[in-house]
Amino acid sequence: MREVEITLYLRDELLEHLMGRRARGLPHGPSDHFFGTSTGKRRDPDLFRDRILARAVERASSNRAAAGMPPLPEITPHSLRRTWATFAAMIGRDPKWIAAQIGHVSPAFTFSVYQQVATRHYIDEQAVWTLMRFADEPDERVPSRQITRASGTAAPGSFNVADGDFDLAREQLNDGADRELDD
């Protein structure tokens, strides 16, 4: 098990999921699985691809078709991982940080796998930045080639995350607070 940082975009999506579970009366407490079954138990990992991911891709493709866009290609759990690493590389995140986040021992290995980023001619960096930025980063992309997430006091290879808006919002949901959540 390892801890990973989450972006603002992901934080918002996770909060929406949590509030949706709460609104439907599904378990959402600290001892329940975040993406658990209707009883709060762990989902069968072998069924994730067919039951969760396939339905999400089908729904997204349907929304794309309604907007006159082509459907999504086949998406696997590994393609989600690859997309995340590619986006992180596109906006200039530190290769060591990317490797640590996805569990690779070597940044060299990570970039031998995700090298296709270097061949991209058109990248909407601001759109990728919007998906990949953290709470302590500006709305507009910083014009730096590498952006690291390690704090000055963190031990090499470790990343410390303080309780933030997500943690506080989850506590409020679990405590039954009904007030609206802000950014």
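- Arg133 pairs by the side-chain hydrogen bond (donor to acceptor under 3.5 Å, both in side chains) definition with Asp139, not counting sequence neighbours.
- Arg64 places a side-chain N or O within donor-acceptor distance of the main-chain N or O of Pro70, the cut-off being under 3.5 Å.
- Not a single donor-acceptor pair under 3.5 Å links the side chain of Arg49 to the backbone N or O of Ala54.
- Checking side-chain atoms of Arg24 against main-chain N and O of Ser38 turns up no donor-acceptor pair under 3.5 Å.
- Residues Gly40 and Pro27 approach most closely at N-CG, 3.5 Å, considering heavy atoms.
- Heavy-atom minimum distance, Phe34 versus Leu18: CE1-CD1, 3.9 Å.
- Smallest separation of non-hydrogen atoms from Val57 and Pro73: CG1-O, 4.3 Å.
- Leu80 contributes atom CG, which lies 10.5 Å from atom NE2 of His78 (distance to the nearest 0.5 angstrom).
- In this structure, CG on Leu53 lies 7.0 Å from OG on Ser79, to the nearest 0.5 angstrom.
- Shown here for Ala85 and Ile102, the closest heavy-atom pair between the two residues is CB-CD1, 4.3 Å.
- Residues Lys41 and His33 share a closest heavy-atom pair of C-CD2, 3.7 Å.
- Here the side chain of Thr86 pairs a donor or acceptor atom with the backbone of Arg82 at under 3.5 angstrom.
- With hydrogens and angles disregarded, no donor-acceptor distance shorter than 3.5 Å links the side chain of Arg22 to the backbone of His28.
- Within 6.0 Å of atom CD in Glu13, more than 12 heavy atoms from other residues, nucleotides or ligands are found, so the atom counts as buried in its surroundings.
- His17 and Phe35 have tilted rings, their planes meeting at an angle from 30° to 60° on a 0 to 90° scale.
- Every residue was checked against the side-chain hydrogen bond (donor to acceptor under 3.5 Å, both in side chains) condition with Asp50, not counting sequence neighbours, and none meets it.
- In this structure, Leu131 and Thr7 approach most closely via the heavy-atom pair O-OG1, 3.0 Å.
- Distance CZ/Phe87 to CZ/Arg93: 13.0 Å, rounded to 0.5 Å.
- No continuous path of hydrophobic side-chain contacts links Trp84 to Ile75 [ILVMFWY only; heavy atoms under 4.5 Å].
- The line from OH of Tyr9 to CE of Met132 is 12.0 Å long, rounded to the nearest 0.5 Å.
- Neither Ile52 nor Leu26 shares a network with the other; the hydrophobic side chains, linked directly or stepwise wherever heavy atoms of I, L, V, M, F, W or Y lie under 4.5 Å apart, form separate groups for each.
- Between the side chain of Arg43 and the backbone N or O of Arg51 there is no donor-acceptor pair closer than 3.5 Å.
- No donor-acceptor pair closer than 3.5 Å links the side chain of Ser62 to the backbone N or O of Arg59.
- A search for side-chain hydrogen bond (donor to acceptor under 3.5 Å, both in side chains) contacts involving Thr37 returns Thr39, not counting sequence neighbours.
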